[in-house]
Amino acid sequence: PVSDARVPVLKFEFRTVAIDLIFARLAVEELPARLSLTSNECLRNTDKKSTMSLNGCRVTDAILASVPNVAVFRGALRAMKLWAKRRGISSNALGYFGGVNVAIITAFVAKNFPVKCKTSAALLLKVFQIMAVWKWPEPITLIEQTEDDQLRMPTFRFDMRKDKMPIITPAYPAYNSTDKVTEQTLKIMTREFAIAYQATRSVFAQGIQILRNPSASTDSGVSAPPAKRQAEGEGEGGVTLVKTETPPAAEVTLSPDLWKSVFAPIDFFSRY
């Protein structure tokens, strides 16, 4: 057992599926047939570790409620998790990303840029772009923090000395989900975001090129339906886009081969 673990969890594998089973003790004599964790009342008279366990479910519900398109968000989140794993920055315990951190920043971008993030690929590009230039330690928050005058549980308070990359959970009581990030791990993650943004931007540039020259689709692995060219303009990350009647640039079909540079595994220990 890990005595100082934030959340009591039992990790195991069932029929090749990895499962994290969390535990919480509620201060009730009998569980209702339909238990809702949305209300703060479920936290009343719970111990600290049970509160953190319940917040795992509460944070997930709050994240899904904040995004304009759940399907687009889930697609981008899967890609973000794969990217973090391939690039060696997927370990909350070591000061890098955990699942909830990646989910919050993806939802943050999806919520604040709904027009530019109508597809999972577009959302992925925007996440890399925003995170590469984010002015840390400016906190990332999905919703405004609230206080509960009856429960009076401690919530996140910014501390310049220890909060290097604050990504705040969207459920009461709010806390910094990246409290183990150091100056060095922050520098590494910021660098990886910049690399990923340039690689993803290149993928989009190749896709957009097909809108200009559909005959090149066979060679590049990108396909696009016929479209009438209208005018050029500035698009995602400074990439020149071509406005069309049909289809919009977001509907360009990108071959998986084009994404290899984005998700290329890294020899993390050799580099850092």
Side-chain angles (χ1 to χ4, degrees), residues 59-84 86-87 97 99-134 140-143 167 170 192-214 216-217 220-263:
V59 166
T60 299
D61 292 341
I63 290 174
L64 292 176
S66 70
V67 297
N69 188 316
V70 174
V72 168
F73 165 74
R74 283 176 171 160
L77 181 58
R78 291 190 186 102
M80 283 292 297
K81 289 183 175 181
L82 175 62
W83 167 78
R86 290 278 181 87
R87 303 302 292 179
F97 281 128
V100 67
N101 320 135
V102 176
I104 292 173
I105 62 175
T106 305
F108 174 80
V109 175
K111 177 183 178 181
N112 287 282
F113 300 92
V115 176
K116 294 186 177 182
C117 301
K118 292 185 177 181
T119 66
S120 296
L123 176 54
L124 185 67
L125 173 67
K126 201 65 179 177
V127 171
F128 290 146
Q129 181 186 20
I130 297 299
M131 292 300 105
V133 297
W134 189 262
I140 284 184
T141 56
L142 269 180
I143 61 174
I167 300 175
E192 289 298 328
F193 273 124
I195 295 172
Y197 171 56
Q198 293 302 326
T200 309
R201 181 178 173 180
S202 176
V203 171
F204 268 70
Q206 293 180 64
I208 291 165
Q209 183 65 29
I210 297 305
L211 288 178
R212 298 178 178 175
N213 183 19
S217 61
S220 65
V222 186
S223 61
K228 293 183 179 180
R229 180 170 177 166
Q230 291 182 334
E232 295 187 355
E234 193 73 11
E236 299 275 3
V239 177
T240 301
L241 302 180
V242 179
K243 296 181 180 179
T244 59
E245 291 181 2
T246 57
E251 294 181 6
V252 175
T253 302
L254 301 173
S255 166
D257 289 340
L258 292 177
W259 291 97
K260 287 183 178 179
S261 61
V262 179
F263 299 101

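Sequence positions, counted from 1, serve as the residue numbers for this chain.
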Please work out whether the ring planes of Phe204 and Trp259 are parallel, tilted or perpendicular, with thresholds of 30° and 60°. perpendicular

I need the [X] [atom1] to [Y] [atom2] distance, nearest 0.5 Å.
{"X": "Leu77", "Y": "Arg74", "atom1": "CG", "atom2": "CZ", "value": "9.5 Å"}
{"X": "Ile140", "Y": "Ile104", "atom1": "CD1", "atom2": "CD1", "value": "9.0 Å"}
{"X": "Lys260", "Y": "Arg86", "atom1": "NZ", "atom2": "CZ", "value": "10.5 Å"}
{"X": "Phe73", "Y": "Leu64", "atom1": "CZ", "atom2": "CG", "value": "6.0 Å"}
{"X": "Thr200", "Y": "Gln129", "atom1": "OG1", "atom2": "CD", "value": "10.5 Å"}

Determine the minimum heavy-atom distance between [X] and [Y], stating which atoms define it.
{"X": "Gly75", "Y": "Ser120", "answer": "CA-OG, 3.5 Å"}
{"X": "Val127", "Y": "Thr106", "answer": "CG2-CA, 4.0 Å"}
{"X": "Ala107", "Y": "Ser66", "answer": "CB-OG, 4.0 Å"}
{"X": "Ala62", "Y": "Pro170", "answer": "CB-CG, 3.7 Å"}
{"X": "Lys118", "Y": "Val72", "answer": "O-CG2, 3.4 Å"}

Min side-chain heavy-atom separation Phe113-Ile130 under 4.5 Å: yes

Flag the pair Phe97 / Ile105 as yes when at least one side-chain heavy-atom distance between them is below 4.5 Å, and no otherwise. yes

Passing candidate, side-chain contact (heavy atoms from CB on, under 4.5 Å) with Met80, options Asn101, Leu124, Leu123: Leu124

Does Lys81, at its NZ atom, have more than 12 non-hydrogen atoms belonging to other residues, nucleotides or ligands within less than 6.0 Å? no

Hey, do the aromatic rings of Phe128 and Trp83 have their centres closer than 6.0 Å? yes

Chi angles and distances behind the side-chain contact (heavy atoms from CB on, under 4.5 Å) call for Lys111, Ile143: CA-CA 10 Å; Lys111 177 183 178 181; Ile143 61 174; 4.1 Å; yes

